[in-house]
Amino acid sequence: MKPVALVTGGTRGIGLGISRRLAEGGWNLALCGLRPEEAVHSVIDELTALGADVLYSATDVSRTVDHPRFLASVCDRRRGVNALVNNAGRASRVRADPLEPTEESFEEVLRTNLHGPYFLTQHVARLLLAERRRSRDAPAAIVFVTSVSASLASINRGEYCVSKAGLAMAARLFAIRLAEHRIPVYEVRPGIVDTDMTAPVRDAYDLRIAEGLVPERRWGTPDDVGRVVAALLRGDLPYASGTVVHVDGGLSIPRL
């Protein structure tokens, strides 16, 4: 029986790049996102063609009250979960000076990017621990997709940076807690990736990338991130729980 990976935000952007690579790698998928099921039929068909059995739920990860229902539906159909990829995230609606954002803006970003993933991980970690008690050899892993913004400050994206820095700490906490049970937890930090989220600033980043902001002098792609996450869930980095993997073309390398 194929292992099951739960990927939040797994039908678009970086999440879709991850889902594609996992489908190709022999995983069945449980995906959630904000769009209704009829809007993601083509994506589900694509992933099915790659070999995955796909379950999709229109579930907002920021609504923790919906987590038990979503996980129950996954476990009923899949008889469990083997891996969680915390990918879903959002930017603030308006880029602004740190003196300007409202509490409502801050809370909206933090609930999606940090609060929701933290408590979803809590639920899934309990499921993985229960499975470990039944079988020491069952596949198990958790990946947090954060951002270079976890450590690089963007003055006009304060809420986003704070949320990703918090998520990076959450990854460390769960890595320590679950290590003795051989459930690895990893953090993946993408850089400037070509997605719907970055489309509004494409022209500005085209120029900055050409000028050397990214040493590799290109945009990242969802597939770049998908390849890394697939390798982590495949077990290609054993004895490395808590590792932070930068997928940013060298952007975060300190330079003079």
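- Formation of a donor-acceptor pair under 3.5 Å by the Ser19 side chain with backbone atoms of Gly10 is found in this model.
- Within the 4.5 Å cutoff, the side chain of Phe70 has heavy atoms near those of the Leu6 side chain.
- With a 6.0 Å radius and a threshold of 12 heavy atoms from other residues, nucleotides or ligands, Arg93 has its CZ atom at or below the threshold.
- When only modelled atom types and interatomic distance are considered, Ser62 and Asp60 share a side-chain donor-acceptor pair under 3.5 Å.
- Taking the side chain as every heavy atom from C-beta outward, Arg79 and Met1 approach each other to under 4.5 Å.
- Trp219 pairs with exactly one of Thr198, Asp206, Asp224, Thr195 by the side-chain hydrogen bond (donor to acceptor under 3.5 Å, both in side chains) rule, that one being Asp206.
- One hydrophobic cluster holds both Val40 and Ile18 under the rule that ILVMFWY side chains link at heavy-atom gaps under 4.5 Å.
- For an aromatic pair to be called close, the ring centres must be under 6.0 Å apart, and Phe119 with His123 fails this.
- Residue Leu110 holds its CG atom at 8.5 Å from CD of Glu159, rounded to the nearest 0.5 Å.
- Residues Leu55 and Val4 fail the side-chain proximity criterion, which asks for heavy atoms closer than 4.5 Å.
- Looking at Ile183 and Phe174, their side chains never come closer than 4.5 Å, going by heavy atoms from C-beta outward.
- If you take OG1 on Thr64 and CD on Gln122, they are separated by 10.0 Å, rounding to the nearest 0.5 Å.
- Once rounded to the nearest 0.5 Å, the distance linking CG of Leu29 with NZ of Lys2 reads 9.0 Å.
- When side chains are defined from C-beta on, Ser105 does not count as touching Val94, because their heavy atoms never get closer than 4.5 Å.
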Given His67 and Val61, is the side-chain contact (heavy atoms from CB on, under 4.5 Å) satisfied, shown in steps?
CA-CA 7 Å; His67 292 178; Val61 72; 4.0 Å; yes
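- Under the 3.5 Å distance criterion, the side-chain polar atoms of Asn82 are matched with a main-chain donor or acceptor of Pro139.
- With a 4.5 Å cut-off on side-chain heavy atoms, His115 and Glu107 do not count as touching.
- Arg78 contributes no side-chain N or O that, together with a main-chain N or O of Ser73, makes up a donor-acceptor pair within less than 3.5 Å.
- Side-chain atoms of Ser149 and Arg157 form a donor-acceptor pair, as typed in the model, at a separation below 3.5 Å.
- When each of Val143, Val225, Val229, Val228 is tested with Val245 by the rule side chain to side chain contact (heavy atoms under 4.5 Å, CB included), just one qualifies, namely Val228.
- Residues Ala240 and Tyr186 share a closest heavy-atom pair of O-CE2, 3.5 Å.
- Arg182 contributes a side-chain N or O that, together with a main-chain N or O of Arg136, makes up a donor-acceptor pair within less than 3.5 Å.
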One pair to check against salt bridge (Lys or Arg N to Asp or Glu O under 4.0 Å): Asp196 and Arg12. What are the steps and the verdict?
CA-CA 8 Å; Asp196 292 346; Arg12 65 196 308 173; 3.1 Å; yes
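- Using modelled atom types, one finds no donor on one side chain facing an acceptor on the other under 3.5 Å when comparing Ser154 with Arg95.
- Surrounding CZ of Arg63 are at most 12 heavy atoms belonging to other residues, nucleotides or ligands under 6.0 Å away.
- A salt bridge between Arg21 and Glu24 is present, with a side-chain N of the basic residue lying under 4.0 Å from a carboxylate O of the acidic one.
- Looking at Thr8, its side chain does come within 3.5 Å of a backbone N or O of Asn87 through a donor-acceptor pair.
- The closest side-chain heavy-atom distance from Arg177 to Val185 is not below 4.5 Å.
- Between Met197 and Ile14 the shortest side-chain heavy-atom distance does not fall below 4.5 Å.
- Exactly one residue among Leu120, Leu128, Leu71 makes a side chain to side chain contact (heavy atoms under 4.5 Å, CB included) with Leu84. That residue is Leu120.
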